Each structure stands twice: as structure tokens, then as C-alpha cells.
Amino acid sequence: MTCPPAATRTRLRELLAPWLFVVPAAVYLLLFFGYPVVKNLVSSFQQYTPVTFYTGAAPFVGLRNYVEILSSGLFSRTLLTTVLFTAGSVAGQFLLGLALALFFRRSFPLGGLLRSLLLLPWLLPLVVSATTWKWMLDTDDGVVNDALRTFHFASSGIPWLTGTSQALMSVTLVNIWVGIPFNTAILYIGLRNIPAQLYEAADLDGAGPVATFRHITWPLLRPAVSVVLVLGVVYTLKVLDIILVVTGGGPADATQTLATQSYELSFQQFEFGRGAAMGNVLIILSLVLALVFLRADRRGARP
């Protein structure tokens, strides 16, 4: 017995309806995410220079671009700087974000207003934030050094941005300041989702703050912690604008990271092939670190 035409059309619409939502999103991802990734991968195996834009010729060079960037004397130093910058930024953002999230979990007057003001660093354009910090950390006219001299903590201006031993710490502190609101917001939401009855039961059992945090807060906050740490690592590895505005990668390449090196190779030296190769190294590093953390987090969550 065949289905009536009306029933057939209804069934067809039901089958096609999900695809009408999926196909536009898939096309968008392929055009604006898939194509750039594939193009960057292909370019890393080519001698892609400004001449290519005129001649259209980009000779295939195999792994030469990767060999050149990995064997350069600057790569090992840049990799170490990237690791230090990422580790310091993620640790600082997470610890301060967690402390603020725990603080704002308690209800108090003007708590909502303070939480809103805390989001301002996150809402400001990064170029604006970085420019403001560059002015604040200026050796001669910066307000930070003026305050240190006023309170007699320093007799002369500290070269926050021009000293090779201070510049990396300075851009790390700026990046921590920018990332604290995101960490606080996600961790605060995670804390709010923990049932209050568990804390009441722990209080009745005589559990102290440390035991309560260890056995209730931390285990139930692990999903939010995983989100902020993985996203924090991935975001920090590709930080570009803050470093370019504040120090420009200097002094003496003291704040040069894989991201800034990829930018310099592509848009200052116009070695687009080597710049693409450096970008792919950065992508692989991000994926490896994210997978390692997720695997370690999964093992830690097992009873």
C-alpha cells in the first residue's frame, strides 16, 4: 500500500528540515575556516613570496620551510618564550580568576555592580588595553614608575618594556589582566551550579573550608576548570596584538613568541611560506597541549 502524496511530502520535509540548518553552517565553516587552514597548509610547502601575487607561481619546496624555521637559532628561544608566556599567563589568569569567583560567590551589597565592572578589561579592544598598558609601563613617564618613585620603592625608572629581563614579565602581566574576567565569569558560573545543599551538609558534618573546597568545590568545578584552562592555553599561544603593541617582540627578541614570529615572517619579511610553516607549528603545539591536558584531566576525574 503506497503512502498518500500529502504524507509523502510531509515525510520529505521532515527529512530535509535538519539539513536546511546543517548545510549553511557547514558551508560557512568550509569557506571561512576550512579553506584558510588548507591554504595555509599548502603554502607551507611552497616558496610563497610577493612575486607569487604577480606571477602566480609558487614552487613546491617540500619540507624546506619547516627545516629552516626549526633549525634557526631563534626558534628554540622563541619556543621557550612561548612556553613561559603561556604558562605564566594561564596560571595567573586561573588563580586570580578562581579567587575572584570564590569571592563573588557570596552575596554582598554592590556585588552585581562589581562583577559587571570586572568585565571591562574583557570588553575593551585589545589594542586599546595594550596601548594603555604601554603608556602606564613607560620607563620615563609611566604612572607605574611614578608611583614607585613617589612611595620610594624605586629611585629610578624600571625598564618594564625595554629591559630584556623585565619585558616578558610585563607582557605576561598585561595578558593576565586581560584574561582574568573570562576565567572569573566561567568559574563563577561553575560555582553557582554546585548545589547549596552539599555545602550545608558539609557544614553540619563539621568540615572546614579546606576540606569543603577539596571534596566538594574542586571535584564539581572540574568541567569549568577544564574549559578555562584549555581555552586559556589555546588563546595565549596565539596572542599577537598585545605583544606587538606593548613591546613589538623586543627588546632583542625577548618577547618574541611563535605567533609574533609567524607574523614577522609573513608580513614584515614577506616569507609567506615560512610564516605559514610557523603557523602550522603553532597549531600542532596547541592541539598537543590541549590533548595532553584533556587526557590528564580525564584520568584525574576517574575514581
Side-chain angles (χ1 to χ4, degrees), residues 26-86 89 125-131 133-134 161-162 164 167-168 170-172 174-175 178 233-290:
V27 172
Y28 173 82
L29 290 174
L30 288 174
L31 288 178
F32 295 99
F33 291 92
Y35 175 76
V37 170
V38 173
K39 182 64 176 177
N40 191 76
L41 180 62
V42 173
S43 300
S44 67
F45 296 105
Q46 297 175 318
Q47 186 179 353
Y48 210 100
T49 64
V51 179
T52 305
F53 293 101
Y54 296 97
T55 64
F60 180 78
V61 294
L63 296 176
R64 191 179 74 183
N65 290 326
Y66 290 94
V67 172
E68 288 180 354
I69 63 172
L70 294 176
S71 61
S72 66
L74 184 60
F75 178 79
S76 57
R77 181 179 177 182
T78 301
L79 180 61
L80 177 61
T81 302
T82 303
V83 172
L84 294 176
F85 175 70
T86 302
S89 296
L126 290 179
V127 173
V128 175
S129 299
T131 303
W133 274 100
K134 182 178 182 180
L161 306 179
T162 56
T164 54
L168 181 59
S170 299
V171 293
T172 302
V174 174
N175 194 52
V178 171
V233 169
V234 173
Y235 167 78
T236 306
L237 283 173
K238 67 181 185 63
V239 166
L240 177 66
D241 33 20
I242 291 176
I243 297 177
L244 287 182
V245 172
V246 176
T247 63
D253 296 321
T255 57
Q256 194 80 266
T257 64
L258 295 179
T260 59
Q261 183 66 12
S262 177
Y263 173 85
E264 181 178 318
L265 288 171
S266 297
F267 301 107
Q268 293 182 357
Q269 301 180 19
F270 301 110
E271 294 286 345
F272 299 107
R274 289 198 295 160
M278 184 68 78
N280 290 329
V281 171
L282 184 60
I283 292 174
I284 293 173
L285 180 61
S286 302
L287 290 175
V288 169
L289 291 178

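This structure is a prediction, so every number in the text was calculated from the model and none was measured.
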State, to 0.1 Å, how close V246 and A130 come at their nearest heavy-atom pair, and which atoms those are. CG2-O, 3.7 Å

Heavy-atom side-chain contact between I69 and L265 under 4.5 Å: yes

Taking atom types as modelled, find out whether S89 and T236 have a side-chain donor-acceptor pair closer than 3.5 angstrom. no

Please lay out, stage by stage, how L282 and L237 fare under the test side chain to side chain contact (heavy atoms under 4.5 Å, CB included). CA-CA 7 Å; L282 184 60; L237 283 173; 4.0 Å; yes

Would you sort out whether E68 and E271 count as a side chain to side chain contact (heavy atoms under 4.5 Å, CB included), showing the intermediate values? CA-CA 12 Å; E68 288 180 354; E271 294 286 345; over 6 Å; no

Side-chain contact test, heavy atoms from C-beta onward, threshold under 4.5 Å: evaluate it for L79 versus L285 and give yes or no. yes

Take atom OH of Y54 as the centre, draw a 6.0 Å sphere, and report whether it contains more than 12 heavy atoms from other residues, nucleotides or ligands. no

T81 side chain reached by Q256 side chain, heavy atoms, under 4.5 Å: no

A167 and G250: which non-hydrogen atoms are nearest, and at how many Å? CB-O, 4.0 Å

From T260 atom OG1 to D241 atom CG, the distance as rounded to the nearest 0.5 Å: 11.5 Å

Using 30° and 60° as the class limits, which term best fits the ring planes of F272 and F267: parallel, tilted or perpendicular? perpendicular

CG-CD distance between L240 and E264, expressed to the nearest 0.5 angstrom: 11.0 Å

Hey, does L41 have a side-chain heavy atom less than 4.5 Å from the side chain of N280? yes

Answer yes or no: is there a side-chain heavy-atom contact under 4.5 Å between T86 and L289? no

Does the T52 side chain pair with the main chain of A57, one donor and one acceptor, at a distance under 3.5 Å? yes

When rounded to the nearest 0.5 Å, the distance separating OH of Y263 from CE of M278 is 15.5 Å

Side chain to side chain donor-acceptor pair (under 3.5 Å) for Y48 and N65? Distances and angles first, verdict last. CA-CA 10 Å; Y48 210 100; N65 290 326; over 6 Å; no

State the CH2-OG1 distance between W133 and T247, to the nearest 0.5 angstrom. 14.5 Å

Scanning both residues in full, the closest heavy-atom pair of T78 with T257 reads CG2-C, 3.1 Å

Do the non-hydrogen side-chain atoms of Y235 and N175 ever get within less than 4.5 Å of each other? yes

Which atom names give the shortest non-hydrogen contact between A276 and S266, and what distance separates them? N-OG, 4.2 Å

Going from CZ on F32 to CG on L30, what distance comes out if it is rounded to the nearest 0.5 angstrom? 11.0 Å

Verify, without hydrogens or angle tests, whether S262 (side chain) and L258 (backbone) share a donor-acceptor contact under 3.5 angstrom. no

Residue pair T172 / L168, side-chain heavy-atom distance below 4.5 Å: yes

Rounded to the nearest 0.5 Å, what separation is found between the CZ atom of R274 and the CD atom of Q46? 15.5 Å

With heavy-atom distances below 4.5 Å as the criterion, would you say the side chains of F45 and V61 are in contact? no

